[in-house]
4 protein chains.
Amino acid sequence: MVITEPRARRAVKGHRSEQRVESLLAVAREVFSERGYARTTTLEIAQRLSISEATVFSYFGSKRELCMEVIRRWYDEISTELEREVPLRSNVRHALEFAIRKHLSQLIEEGAGLCALVLSEGRIADAAFMQLIAQLKRRYIAPLMRTIESARATGEVRSDIPLHLQRDMIYGSMEHVLWGYINSGRKPDIQSTAAQLSDLLWTAFAPPQRSLDALMRFRTEVVGAVKVLESESQAVH
Amino acid sequence: MVITEPRARRAVKGHRSEQRVESLLAVAREVFSERGYARTTTLEIAQRLSISEATVFSYFGSKRELCMEVIRRWYDEISTELEREVPLRSNVRHALEFAIRKHLSQLIEEGAGLCALVLSEGRIADAAFMQLIAQLKRRYIAPLMRTIESARATGEVRSDIPLHLQRDMIYGSMEHVLWGYINSGRKPDIQSTAAQLSDLLWTAFAPPQRSLDALMRFRTEVVGAVKVLESESQAVH
Amino acid sequence: MVITEPRARRAVKGHRSEQRVESLLAVAREVFSERGYARTTTLEIAQRLSISEATVFSYFGSKRELCMEVIRRWYDEISTELEREVPLRSNVRHALEFAIRKHLSQLIEEGAGLCALVLSEGRIADAAFMQLIAQLKRRYIAPLMRTIESARATGEVRSDIPLHLQRDMIYGSMEHVLWGYINSGRKPDIQSTAAQLSDLLWTAFAPPQRSLDALMRFRTEVVGAVKVLESESQAVH
Amino acid sequence: MVITEPRARRAVKGHRSEQRVESLLAVAREVFSERGYARTTTLEIAQRLSISEATVFSYFGSKRELCMEVIRRWYDEISTELEREVPLRSNVRHALEFAIRKHLSQLIEEGAGLCALVLSEGRIADAAFMQLIAQLKRRYIAPLMRTIESARATGEVRSDIPLHLQRDMIYGSMEHVLWGYINSGRKPDIQSTAAQLSDLLWTAFAPPQRSLDALMRFRTEVVGAVKVLESESQAVH
DNA sequence: TATGAATGAGGGTTCATTCAT
DNA sequence: CATGAATGAACCCTCATTCAT
């Protein structure tokens with residue numbers, strides 16, 4: 001079902017002025033962050049730039065288009081960075097911690113507003129918007145997921161549960177942490193939260209065999225020791 | 001002549017007809033679910049019931065009040081059940097799985113809409129609304145959190161990380177699963193998802209000592225066996 | 001998604017066109033006069049100007065604000081004039097007559113409507129409104145009251161009754177004259193009414209001593225004359 | 001021009017129950033007093049009596065009709081009393097003071113609310129209403145006016161100014177005193193206010209001749225005395 | 001007779017969007 | 001280009017009044 005806003009005609013994005021576009025997006029991000037989509041008015045955006053509402057519409061066909069662009073930008077920035085950085089981590093665990101820390105810090109530093117915008121404003125409107133968000137999210141998530149996927153292949157991470165559940169645990173946990181921040185206003189400590197969270201997740205993702213291996217090794221040693229003991233005790237005689 | 005706006009008078013919830021109240025709440029739940037708060041209009045709610053908007057307002061003082069009631073009802077229902085059922089689980093692990101299954105099934109069965117409503121509509125609005133939501137959530141979460149807390153006390157669950165992080169992992173993971181459903185429209189399998197999720201979380205929450213304990217027990221046994229062996233070997237003499 | 005009413009944003013009086021402002025105020029004055037506050041609709045004001053209601057609200061944040069401005073203007077105009085003119089009168093009596101004539105003519109010329117608006121619309125509404133009216137009235141009344149006050153000090157006006165009673169007599173009498181006009185529709189003759197009213201009030205305000213003094217003076221003269229007569233009649237002899 | 005409220009059909013005042021009618025009027029007076037016409041809702045009136053709105057309408061065809069009745073009752077009560085009492089006063093001056101005291105105390109004792117209702121609610125609506133009010137007022141004012149009229153005939157009160165101006169001074173002054181009370185909430189002292197007011201008015205109404213008369217009498221006497229003196233002095237010759 | 005319930009007919013207000021200049 | 005100005009289309013909410021029971 002497509003829910004469309006009424007009277008959404010396309011404006012002829014005739015004008016250009018990179019500066020204008022940039023400052024518009026910057027201010028729009030600010031306002032959308034502070035107020036959320038519905039409470040944001042094009043008037044306020046215009047006023048903060050000391051330009052007219054009309055000008056806003058000559059750059060972006062509609063309020064929604066502007067908001068979409070704001071969100072897209074944010075995802076683009078962070079996705080680019082993740083694509084570059086995540087693969088550099090020497091192992092899954094580091095990649096996981098890095099991604100978590102990045103995610104948390106990015107959103108927390110931006111403030112609860114953008115955070116909320118990104119986290120839940122994705123249901124504002126029509127299918128097109130939601131599809132865009134979904135797509136942005138996929139790209140954003142991809143680097144870490146690829147890393148995890150290969151770790152599943154090597155057995156470093158358990159693969160007897162769906163990958164998407166692991167994804168949900170990772171991003172869900174983070175987002176809940178962020179919601180806590182949004183609602184309470186208390187900034188969580190990024191470093192320790194990232195460390196603890198990745199630690200917990202890592203534990204959860206460990207293949208059952210991993211702990212078993214430890215046991216096995218112990219057993220082997222013990223058995224070895226027993227063997228030694230036996231031989232020694234025999235030697236006593 | 002008097003010069004005042006009439007707006008002041010609060011709708012005195014004049015009429016009462018349990019049936020009406022129920023059907024209103026039901027339809028409101030529907031519409032809020034489909035459209036979200038902002039895009040829902042009181043007119044649409046009225047029309048779906050083939051009644052006038054005025055009637056809606058004679059039952060609920062405002063759109064927000066109606067929405068609050070919808071959400072409150074949902075929370076009340078599930079909270080009551082959790083308060084009754086969670087304590088009956090024989091151990092933390094079962095409680096965890098139960099709560100997860102309940103949460104998932106409740107929201108998935110209701111459909112993505114209410115799900116989204118409950119998950120993210122509780123934001124930004126006025127303080128009153130947010131406070132209500134926060135309060136409902138606290139009650140909702142309490143039974144499981146109490147269980148986990150005592151498990152932390154007994155050492156059954158690791159307590160070297162903040163409780164709220166565990167909370168965030170539990171509810172964050174679930175909610176992310178639900179968002180996936182909301183966005184994709186594909187219903188996840190509740191049973192297996194709940195099982196896997198609780199398993200993973202359980203693993204994550206295991207105190208570092210737990211695996212160690214297993215080893216300890218093994219060692220103890222081994223050592224015991226060794227002792228027996230020794231004594232026997234001595235007895236041989 | 002965000003869950004808030006848009007209503008919050010105060011109309012930012014975006015547009016300005018002195019012409020519009022003036023014509024709006026003029027028409028608003030008309031309509032408020034004809035209908036009174038409560039029965040006036042913003043729609044009617046808009047329609048008389050062949051503009052949209054929205055435009056009205058882009059100039060004045062609310063119906064009340066518009067009405068307040070209408071009333072304020074009226075008071076400002078007349079207060080300014082009174083402040084300039086009243087002190088020029090050579091004595092209290094002239095000041096009194098001038099103020100009365102001004103008040104009557106101003107309101108009668110404007111028509112019964114504005115008259116009623118100004119006389120009684122300033123009530124009950126919210127505190128803000130009433131405070132504004134009270135303040136406007138104070139300024140409006142001040143010039144004459146100051147004059148009277150100093151006349152009380154010099155004994156030209158009796159000061160053995162509260163000043164506010166004199167104020168009530170002055171303004172009450174006038175307003176009742178105006179109410180008569182409002183209700184009957186018959187315009188009173190301003191000149192003679194003002195003359196008669198100020199005459200009556202002046203008589204009422206005369207210190208008790210004044211008439212006595214006159215008598216005393218007369219007696220003195222008479223006695224003097226009698227003395228003269230006596231001496232003359234004596235001289236005859 | 002007749003301004004009518006929409007949908008004003010006549011209800012079939014079928015029911016009767018003097019008690020009901022009385023209690024309805026009593027409560028309506030209360031509520032109209034407290035809130036003014038516009039802010040009063042039929043619901044509130046009904047609720048205070050623990051009856052349904054519908055019942056209200058079965059006794060009074062409309063809100064306005066009810067309000068009219070409330071006002072009419074008040075005028076009737078006080079008019080009847082004035083008609084009985086005023087003529088008993090031994091002279092104009094006493095009649096004046098009595099009427100003023102009555103008016104002030106009646107309205108002040110009832111509270112600012114009814115006061116405001118009676119004083120200015122007379123512009124609420126259609127011509128019919130206003131006519132009723134005018135008529136009620138005429139009857140209310142009549143006794144005192146009759147007294148004054150005959151005093152004008154006997155020369156006890158100056159008749160060189162229109163009677164209605166005297167009426168305006170009397171009632172205008174009182175009403176302004178009452179407005180002061182309404183706006184400030186400070187109850188004026190009825191006794192002293194009535195005394196001072198009637199004193200001032202009496203002074204104002206004194207025929208120019210009255211003080212002059214005194215002088216005249218004095219002059220006459222003096223002149224008489226002079227004459228006597230003259231004749232005597234002549235007799236001397 | 002009394003009323004529970006419903007509602008028609010607005011009312012004020014908001015804001016994204018358009019367009020002539 | 002930029003914008004000042006205007007507005008259409010809704011939206012939430014109110015309340016006197018009606019009517020079947």
Side-chain angles (χ1 to χ4, degrees), chain A residues 5-9 11 14-17 20 38-46 51-59 61-64 66, chain B residues 5-12 14-17 20 38-44 46 51-64 66, chain C residues 5-12 14-17 20 38-44 46 51-64 66, chain D residues 5-9 11 14-17 20 38-46 51-59 61-64 66:
Chain A
E5 250 168 30
R7 287 169 296 124
R9 247 199 275 160
H15 324 295
R16 264 337 45 198
S17 155
R20 263 288 139 88
R39 284 174 67 91
T40 291
T41 68
T42 50
L43 178 61
E44 176 158 13
I45 292 172
I51 61 175
S52 76
E53 272 184 283
T55 303
V56 174
F57 280 90
S58 89
Y59 280 86
S62 70
K63 181 186 173 187
R64 184 136 70 234
L66 176 54
Chain B
E5 245 74 306
R7 202 60 56 91
R9 195 231 256 198
R10 191 91 301 243
V12 195
H15 321 306
R16 238 81 259 288
S17 152
R20 260 290 134 85
R39 294 180 60 86
T40 290
T41 71
T42 49
L43 180 61
E44 176 159 12
I51 61 175
S52 75
E53 263 187 289
T55 301
V56 175
F57 281 95
S58 98
Y59 279 85
F60 296 90
S62 69
K63 180 187 173 187
R64 185 131 69 228
L66 177 52
Chain C
E5 246 76 309
R7 202 62 55 93
R9 197 233 255 196
R10 190 92 302 241
V12 195
H15 321 306
R16 237 83 256 289
S17 151
R20 259 290 134 85
R39 292 180 62 86
T40 291
T41 70
T42 50
L43 180 62
E44 175 159 13
I51 61 175
S52 74
E53 264 187 288
T55 301
V56 175
F57 281 94
S58 97
Y59 280 85
F60 296 90
S62 69
K63 181 188 173 186
R64 185 131 69 226
L66 177 53
Chain D
E5 251 167 32
R7 286 169 295 127
R9 248 196 276 160
H15 325 295
R16 278 303 80 178
S17 157
R20 262 290 139 86
R39 283 173 67 93
T40 291
T41 67
T42 50
L43 177 62
E44 175 156 14
I45 292 172
I51 62 174
S52 75
E53 271 184 283
T55 302
V56 175
F57 281 89
S58 89
Y59 280 86
S62 69
K63 180 187 173 187
R64 184 136 68 233
L66 176 53

Please check the phosphate of [N] (OP1 and OP2 only) for any side-chain N or O of [X] closer than 4.0 Å.
X	N	result
D:T55	E:dT3	yes
B:S52	E:dG8	no
C:R20	F:dA6	yes
B:Y59	E:dA5	no

Which stems, defined as runs of 3 or more consecutive Watson-Crick or G-U wobble pairs with both pairing distances under 3.5 Å, involve DNA chain F?
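DNA chain F forms these stems: E:2-21 with F:2-21.
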Taking [atom1] from [X] and [atom2] from [N], how many angstroms apart are they, rounded to a whole number?
X	N	atom1	atom2	result
C:R39	E:dG12	CZ	P	12 Å
C:L43	F:dA10	CG	C1'	15 Å
B:F57	E:dG11	CZ	C1'	13 Å
A:L66	E:dT17	CG	C1'	14 Å
D:I45	F:dT17	CD1	P	11 Å
C:E44	E:dG10	CD	C1'	14 Å

Test log, rule side-chain contact (heavy atoms from CB on, under 4.5 Å), inputs D:L66 and D:I45:
CA-CA 11 Å; D:L66 176 53; D:I45 292 172; 3.9 Å; yes
Can C:S52 and C:T55 be counted as having a side-chain donor-acceptor contact under 3.5 angstrom?
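Result is yes, a qualifying pair exists.
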How close do B:T40 and B:K63 get, counting heavy atoms only, and between which atoms?
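For B:T40 and B:K63, the tightest heavy-atom pair comes out as O-NZ, 2.9 Å.
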Euclidean distance, D:S58 OG relative to D:E53 CD, rounded to 0.5 Å:
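Interatomic distance, D:E53 CD to D:S58 OG, rounded to 0.5 Å: 12.5 Å.
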In Å and rounded to the nearest 0.5 Å, what is the OH to CD1 distance from A:Y59 to A:I51?
8.0 Å
From the set [options], return the single nucleotide nearest to any side-chain atom of [X].
X	options	result
C:T41	E:dG11, F:dT17, F:dC13	E:dG11
C:A54	F:dT17, E:dC15, E:dT17	E:dC15
D:T42	E:dT7, F:dT3, F:dA16	F:dA16

With sequence neighbours left out, what residues match C:E44 under salt bridge (charged side-chain N to carboxylate O under 4.0 Å, His left out)?
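Expected list: C:R35, C:R48.
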Closer to the 5' end of DNA chain E via nearest nucleotide, is it C:E53 or B:I51?
B:I51
